[in-house]
Amino acid sequence: MRIATWNVNSMNVRQEHVAQWLAEDPCDLLCLQELKMVSEKFPAERFKSLGWHLLANGQKTYNGVAVLSRFPLEERDVVLDLPGVDPAQKRLMAVTVNGVRVVNCYVPNGSEVGSDKYHYKLDWLAKLQSFVQAQLASYPQLVVLGDYNIAPDDRDVHDVSFWAGKILVSPPERSAYQALCGLGLTDAFRHLQPEGGYFSWWDYRLGSFQRNMGVRIDHLLSSPALTAKLTHCHIDREPRGWERPSDHAPVIATYLL
DNA sequence: ATGGTGGCATGGCCA
């Protein structure tokens with residue numbers, strides 16, 4: 001079972017990119033972030049006609065997540081909001097597919113270290129920690145994936161001095177990420193690739209992608225039972241080079257399921 | 001230190 005995550009930065013603009021990417025059969029389950037549309041606007045019929053089961057959890061203008069799956073979604077235990085946080089911001093959905101619990105996250109960006117949005121991000125991550133801890137008790141095969149807006153360590157940024165003091169790399173953000181790992185979750189990509197220099201996001205500005213000025217902020221964190229079945233994980237940079245791309249590249253992990 | 005680009009919306013906000 002190949003599980004992918006991709007922040008598409010507007011499903012309106014990126015619908016053709018998603019369709020083109022999926023036509024290459026890169027995964028069996030795709031989690032999307034930053035739909036920037038209400039759920040009703042999601043192009044459900046198009047993807048259903050291609051054989052995908054799907055569920056969207058969107059809002060106007062900002063945020064929004066969705067799941068496309070080759071396997072049916074178990075409807076009975078869908079969660080569409082993170083307990084304890086503002087339900088108006090659609091940043092999470094938890095579904096069960098093929099015996100795997102999938103928690104699809106769009107973690108707040110945080111804007112600037114020390115800002116109100118930064119504290120909102122840290123609070124959101126603390127709530128996620130509690131939610132995941134509870135989910136683990138019910139679902140041994142669990143993956144928490146998405147746009148974390150955190151580069152876990154210095155291997156995950158193109159230039160440590162460039163990023164020093166900025167959002168995505170601050171010690172409290174990294175501690176929140178490590179706390180999730182402390183629940184027993186493993187970063188699928190890092191588990192298989194100890195070398196640095198692999199990125200999943202490049203700013204639209206400054207020609208960042210062409211100069212590979214990136215950071216690795218999109219992750220799949222899997223539980224012990226799932227990590228035991230992990231065989232591959234890679235970042236597909238190709239769609240980032242397409243015309244009018246998302247600023248994120250998809251990340252795909254393969255589990256023997 | 002600032003601003004560079006992009007999406008949404010149409011004035012800024014968010015990333």
Side-chain angles (χ1 to χ4, degrees), chain A residues 5-21 31-43 56-66 81-82 85-93 104-125 128 145-152 156-170 172-174 176-177 199-219 235 237-251:
Chain A
T5 176
W6 193 7
N7 179 323
V8 291
N9 186 23
S10 168
M11 190 61 184
N12 270 325
V13 177
R14 240 63 71 181
Q15 181 180 340
E16 295 305 321
H17 292 225
V18 173
Q20 183 177 339
W21 190 67
C31 292
L32 302 173
Q33 301 91 34
E34 278 210 273
L35 305 180
K36 296 187 173 181
M37 57 169 51
V38 295
S39 303
E40 295 72 26
K41 291 273 183 69
F42 192 89
N57 184 27
Q59 67 179 91
K60 186 175 158 65
T61 309
Y62 302 119
N63 309 316
V65 291
D81 289 298
L82 181 58
V85 303
D86 176 14
Q89 295 194 23
K90 302 305 184 187
R91 296 180 174 275
L92 178 140
M93 65 191 314
N104 178 14
C105 302
Y106 175 47
V107 177
N109 170 278
S111 188
E112 292 179 23
V113 175
S115 66
D116 288 349
K117 288 189 175 64
Y118 177 75
H119 294 294
Y120 183 86
K121 178 181 192 174
L122 295 177
D123 180 64
W124 199 95
L125 287 163
L128 178 65
L145 59 82
D147 177 1
Y148 280 78
N149 272 313
I150 298 170
D156 301 312
V157 302
H158 78 279
D159 182 336
V160 172
S161 62
F162 177 92
W163 282 96
K166 292 193 173 75
I167 200 71
L168 312 182
V169 305
S170 74
E173 292 169 84
R174 287 177 164 175
Y177 182 87
F199 310 127
S200 66
W201 177 81
W202 301 260
D203 199 302
Y204 284 123
R205 297 164 285 190
L206 305 169
S208 300
F209 183 62
Q210 288 69 24
R211 298 153 70 184
N212 200 26
M213 296 170 58
V215 291
R216 192 176 69 92
I217 59 175
D218 299 271
H219 312 296
I235 301 167
R237 295 165 50 105
E238 189 186 326
R240 184 62 179 83
W242 291 347
E243 191 173 348
R244 206 179 180 189
S246 167
D247 42 358
H248 293 253
V251 187

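Just so it is clear, the structure is predicted and the values come from calculations on it, not from any experiment. In the text below, chain A, chain B and the rest are named by the order of the sequence lines, each starting its count at 1.
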For this session: Sugar-phosphate means primed atoms, P, OP1 and OP2; the rest is base. With that split, encode nucleotides 7-15 of chain B 5' to 3' as B, S or - using protein heavy atoms under 4.0 Å.
Result: SSS---BSS
Problem set entry | Residues which pass ring-ring contact (aromatic ring centres under 6.0 Å, His included) with A/Tyr204, listed by chain and number, not counting sequence neighbours | none
For this session: Return the set of residues passing ring-ring contact (aromatic ring centres under 6.0 Å, His included) with A/Tyr177 (not counting sequence neighbours), or none when no residue passes.
Result: A/Tyr148, A/His219
Problem set entry | Separation between the C1' atoms of B/dA15 and B/dG3, rounded to whole Å | 15 Å
Seminar exercise, completed: Interatomic distance, OG1@A/Thr61 vs NZ@A/Lys36, rounded to 0.5 Å, equals 9.0 Å
Problem set entry | Interatomic distance at P, B/dA9 relative to B/dC14, whole Å | 14 Å
For this session: Report the residues that fulfil ring-ring contact (aromatic ring centres under 6.0 Å, His included) with A/Phe209, sequence neighbours left out, ordered by chain and then residue number.
Result: A/Trp202
Problem set entry | Spacing between A/Met213 atom CE and B/dG3 atom C1', to the nearest angstrom | 13 Å
Problem set entry | For A/Tyr106, ring-ring contact (aromatic ring centres under 6.0 Å, His included) partners two or more places apart | none
Problem set entry | salt bridge (charged side-chain N to carboxylate O under 4.0 Å, His left out) partners of residues 105-118 of chain A, not counting sequence neighbours, each pair once | none
Problem set entry | Rounded distance in Å between the C1' positions of B/dG6 and B/dT10 | 16 Å
Problem set entry | Between B/dA1 and B/dG11 - C1' atom distance, rounded Å | 25 Å
